[in-house]
Amino acid sequence: MKEAYFPQEIEKKWQKVWEETGAFKTPDDSDKPKYYALSMFPYPSGKLHMGHVRNYTITDVIARFKKAQGFNVLHPIGWDSFGLPAENAAMKHGANPEAWTDENIAYMTKQLKMLGLSYDWDREVATCKPEYYKWTQWLFLQLYKKGLAYKKEAAVNWCNDCGTVLANEQVIDGKCWRCDSVVEKKYLSQWFLKITDYADVLLQDLDKLPGWGDNVKTMQANWIGKSHGAIFRFPVVDAPSGEKMEVPVYTTRPDTVHGITYLVVAPEYKDIEKLTTPENKDAVEAYRANARKMSEIERLSTDRTKTGVPLGTHCLNPFTGETFPLWTADYALVEYGTGAVMAVPTHDTRDFAFAKKYNLPLKTVIKPADKDLGDPQTWEDAYVDPGVLVNSGEFDGMDNEKAKKAITQKSVDEGFGEFKTQFRLRDWLISRQRYWGAPIPVVYCDKCGIQPVPEDQLPVMLPKDVDFSVVGKSPITTSPTFKDTVCPVCGGHATREMDTMDTFICSSWYYLRYADARNDKECFNKDKVNHWLPVDQYVGGIEHAILHLLYSRFFTKALRDCGLLDFDEPFKNLLTQGMVLKDGSKMSKSKGNTVDPDEIFENYGADTARLFILSDSPPARDFDWSDAGVEGCYKFLNRVWRLISTNADKISLNIPEIKAGDLKKKENDDLLRFVHISIKGITNDISNDFQFNTVISKYRELTNAIYDWQAKKPSPDEEDKLILSYAIVALMKLMSPVAVHLTEEAWHELGGEGSIHNQEWLKWDENLAKSSSITLVVQVNGKVKDKIEVDEGLSQDEMKEVALQSEKVKALTEGKTIVKTIVVPKKLVNIVVK
RNA sequence: GCUCCAGUGGCGGAAUCGGUAGACGCGUCGGACUUAAAAUCCGAUCGGGGCUCAACCUCGGUGCCAGUUCAAGUCUGGCCUGGAGCACCA
């Protein structure tokens, strides 16, 4: 065995062996229990970054650990390979997005293999391949049949730079999630998925996910945004046309209904023209035109002063018999609730600001039980805290929480209102005016209207005869062969849908395809999917907390309702890894603080990269990259290698199991115990939230312990060699999920059969997983005063006796009364004196 | 504004149940080996005070203020700071 550690040599060698022997292939049928470990699949952007390295290393170590523990582990990988960057690159270089994507996949595949990841490559998928997107299209058709996919004209988010619409979830602070340019509103006819049908169950089922972090669950809950309130319908008393009209509002504060002094409708409100008097028409029109021009960011900015104009008409408040004026103001949102808001300026801060500006009346209807609030004209802001009702007729004196129910109930009884649960979540807009995506499989027949493409005609292939140099429209529209087709119903002329699907659809079901990746008859076999799913451990970035994870949960539920699978949630446990930082900020090309994984592989080897990326922080926290840290890990692997190689002649792999009491010498017994302590600690740390940072510190402790032991043994005898072999083999096995190449090479060099990665995980003996004596901590009045080495078999009375014998305790208790003595078995004695 | 997460040495971080605060590493300092360097190895490293120095002794210390307890980094209440998410959502 070579004395020096040459990672580059070792790593290449074993990667080749593993590939040739199919070391990581997963059979579908096995006697072992299944375990599905999954990383969020990458977009093939060109090269791996350190975030990928962290993500895939974490999942790989989990997969290997579970395999060693006796599970049949599914650990697949694939490519989220549709999307804009490929198309943009194609436009820039005149290349084909497919060629660009394939090249990137090839390069990144090479890098993944260099990292020594234990993937079953036979299950690899790429969402841009017809054999995959055929099924994406097929699934769309199933949702269409179920009424979950529909087309409608709507105000949608439009990104000019990307030349396409975006889903709500893809607009971040009014800007495009991908290119950061300001999003505009457009009115277009687009395809939507009815995720709102599942709003309630998506919220409720978060409770079925104890293996998810609270941060992700609350983010989803906030996004879904469930609220309870009431709908009130207010009759219009002076509609210009004379017709009978009413304006419904949604409110979460029905208790304040007696305090309404005006009502606001959104500028886009559908009946706004019919509610405007001829005298106010010009002003209202001007206001609406201005609102249309404004960007989302401007419009939604909360610190903008509120503006609005009166419509000239009035509604009746059936609770009071009073009438109040109608206004339009852009602080009312057309998409939420009914698009109209009842305004109670005394008890809503936004209404308060608006009423102050336009001098609208204020009427107090809630006050604290124990004091008066005075004239609302003198207030700084609205009163929004709980209280009792005033100026509210029969409800005066009622607690406002109770009044919410009572008042709504009255509106129900009298037929102008109802209880209402409202969600913030909107339907998922999936049309994209882009080329590099899965074509939406529908056609528009001149006679029969919208028709789904028959399943036996799938996939609707992306046309290749397109011009990528076009500006301002999707390249797909330039294909001379794609657009015209025949109607599947009447056989007449029809045109194809030119839009493609949001790539988040492709990634909403890929984890299902891995269960049956090569099936060309079905999207997946139901039994196989039911066997492998749900994913036991999903690992990925927090940036997908809403987008991908919410969409995937929706897909799973929708496909369950289509009868394609039998479970409710796709991901049982979720680990959201932190970001990889350098110098305190996220690694990014624009900041120029990136570290290229290739360089690390080349200079230190993949084992060092794997060890380091797990070492310094727990997986869920951000990880600060430091060059010194990499160096430190490299040194540690050298130290481990040296320990093995310099002792190679003394180590035997064929040693009997050592039991408690087998070893005569104390230092040997101590080392044996430390090995068991390490096995226990490492196993628990991995099992308990994958605390790899402490796992690695325990590798170091065990290594240090073996070195320390060795320093006392210039000429080891048979028992010494036995325990040395035992300790070193244990270290290798414990390190094998992380330092995958080093341990494999050492195993082989020491004459091991097969692969170390097929060895069983070590078990510890509870009797040995503790040191031979314990340190008794002696406290006086809760402060540590002494530490005494004692035999662990001591009874509580004996412990107390030992503690009282301590010189230090004697000094402190002399002349005082011992009030109480607390004894914690095997640990501590606390003496309370006065 | 609402919601969630976090706050421990010079730094990353450790500390099953409330029971030795600072594991392990990085950095720094000192030393061994060497002609020298690299590599390697050994030692020190929370702060204040006491003793001529050391061992040692002693006091304080986990963002702040209270509380519960024999005992609080850990539990409870109230704040402060940082990060993330949502946000004119009625």
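Naming: A, B, ... by sequence-line order, numbering from 1 per chain. For the numbers below, each heavy atom of this structure counts, side chains included, while hydrogens, waters and symmetry mates do not. Quantities reported herein were computed from a predicted structural model and do not represent experimental measurements.
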Going by number, which of residues 247-257 of chain A have a non-hydrogen atom under 4.0 Å from RNA chain B? A:Tyr250, A:Thr251, A:Thr252, A:Arg253
I would like to know whether A:Ile818 and A:Val832 meet side chain to side chain contact (heavy atoms under 4.5 Å, CB included); could you show each step before the answer? CA-CA 6 Å; A:Ile818 295 174; A:Val832 187; over 6 Å; no
Pairs touching residues 683-698 of chain A that satisfy salt bridge (charged side-chain N to carboxylate O under 4.0 Å, His left out), sequence neighbours left out: A:Asp685-A:Lys698
At less than 4.0 Å, is any side-chain N or O atom of A:Lys783 found next to OP1 or OP2 of B:U58? Yes or no. no
State whether A:Arg642 places a side-chain N or O below 4.0 Å from either non-bridging phosphate oxygen (OP1 or OP2) of B:A39. no
Any salt bridge between A:Arg288 and A:Glu268, counting N to O under 4.0 Å? no
N/O (side chain, A:Tyr336) to phosphate O (OP1/OP2, B:A90) under 4.0 Å: yes
With C1' as the reference atom in both, quote the distance from B:G27 to B:C51 in angstrom, rounded to an integer. 32 Å
Specify the separation, in whole Å, of atom NZ of A:Lys306 and atom C1' of B:G1. 12 Å
When the C1' atoms of B:C80 and B:G12 are compared, how many Å lie between them, rounded to an integer? 25 Å
Residues at least two apart in sequence or cross-chain that pass salt bridge (Lys or Arg N to Asp or Glu O under 4.0 Å) with A:Asp200, listed by chain then number, are A:Lys226
Does A:Lys820 put a side-chain nitrogen or oxygen below 4.0 Å from OP1 or OP2 of B:C70? yes
Pick the P atom in B:G31 and in B:C24, then give their distance to the nearest Å. 24 Å
Restricting to nitrogen or oxygen on both sides, can you table the protein-nucleotides 80-86 of chain B pairs closer than 3.5 Å?
from, atom 1, to, atom 2, distance (Å)
B:C86, O3', A:Arg424, NH1, 3.2

Within the structure shown, what part of the strands sits under 4.0 Å from A:Val341 by heavy-atom distance: base, sugar-phosphate, or nothing? base
Please give, in whole Å, the distance from B:C5 P to A:Gln577 CD? 20 Å
Name every donor-acceptor pair, under 3.5 Å, that has one atom in a side chain of residues 819-826 of chain A and the other anywhere in the protein, sequence neighbours excluded.
none

Flag the pair A:Glu418 and A:Arg233 as a salt bridge only when some basic side-chain nitrogen lies within less than 4.0 angstrom of an acidic carboxylate oxygen. yes
Comparing A:Arg639 with A:Thr307, nearest RNA chain B nucleotide closer to 5' gives the residue A:Arg639
Using the P atom in both, what is the distance from B:G67 to B:G13, to the nearest Å? 33 Å
Using the test salt bridge (Lys or Arg N to Asp or Glu O under 4.0 Å), find all partners of A:Asp786 that sit at least two apart in sequence or belong to another chain. A:Lys808
Using side chain to side chain contact (heavy atoms under 4.5 Å, CB included) as the criterion, list what pairs up with A:Pro310, not counting sequence neighbours. A:Asn280, A:Trp327
What is the distance, rounded to the nearest whole Å, between atom CG of A:Leu333 and atom C1' of B:A87? 10 Å
How does protein reach along nucleotides 14-27 of chain B, written 5' to 3' as B (base within reach of a heavy atom under 4.0 Å), S (only sugar-phosphate), or - (no contact)? SS---BBS-BSSSS
Apply salt bridge (Lys or Arg N to Asp or Glu O under 4.0 Å) to A:Asp255 and list each qualifying residue two or more places apart in sequence or on a separate chain. A:Arg253
Does the pair A:Trp177 and A:Glu169 meet the rule for a side-chain hydrogen bond (donor to acceptor under 3.5 Å, both in side chains), with working shown? CA-CA 9 Å; A:Trp177 69 297; A:Glu169 289 80 4; over 6 Å; no
Give one of base, sugar-phosphate or nothing for A:Ala221, where a contact means two heavy atoms less than 4.0 Å apart. nothing
Can you name the residues that form a salt bridge (Lys or Arg N to Asp or Glu O under 4.0 Å) with A:Arg642, not counting sequence neighbours? none
Which value, in whole Å, describes the distance between the C1' atoms of nucleotides B:C11 and B:C65? 29 Å
A:Tyr551 ring center within less than 6.0 Å of A:Phe504 ring center: yes
What verdict does the side-chain hydrogen bond (donor to acceptor under 3.5 Å, both in side chains) test give for A:Asp381 and A:Thr349, after you've listed the backbone C-alpha separation in whole Å, the side-chain angles of each residue and the deciding distance to 0.1 Å? CA-CA 6 Å; A:Asp381 204 348; A:Thr349 53; 5.1 Å; no
Test side-chain hydrogen bond (donor to acceptor under 3.5 Å, both in side chains) on A:Ser227 and A:Tyr250 and set out the steps. CA-CA 11 Å; A:Ser227 67; A:Tyr250 170 73; 2.8 Å; yes
Roughly, in whole Å, what's the span from CD1 in A:Ile831 to P in B:C70? 16 Å
So, using side chain to side chain contact (heavy atoms under 4.5 Å, CB included) as the criterion, who are the partners of A:Lys356 when residues are at least two apart? A:Phe352, A:Gln377
Reckon A:Lys808 touches a base, only the sugar-phosphate, or nothing at all at heavy-atom distances under 4.0 Å? sugar-phosphate
If a pair means Watson-Crick or G-U wobble with both distances below 3.5 Å, what does RNA chain B look like in dot-bracket form, with | marking bases paired to a different strand? (((((((..(((......[....)))((((((.......))))))(((((.....)))))..(((((..]....))))))))))))....
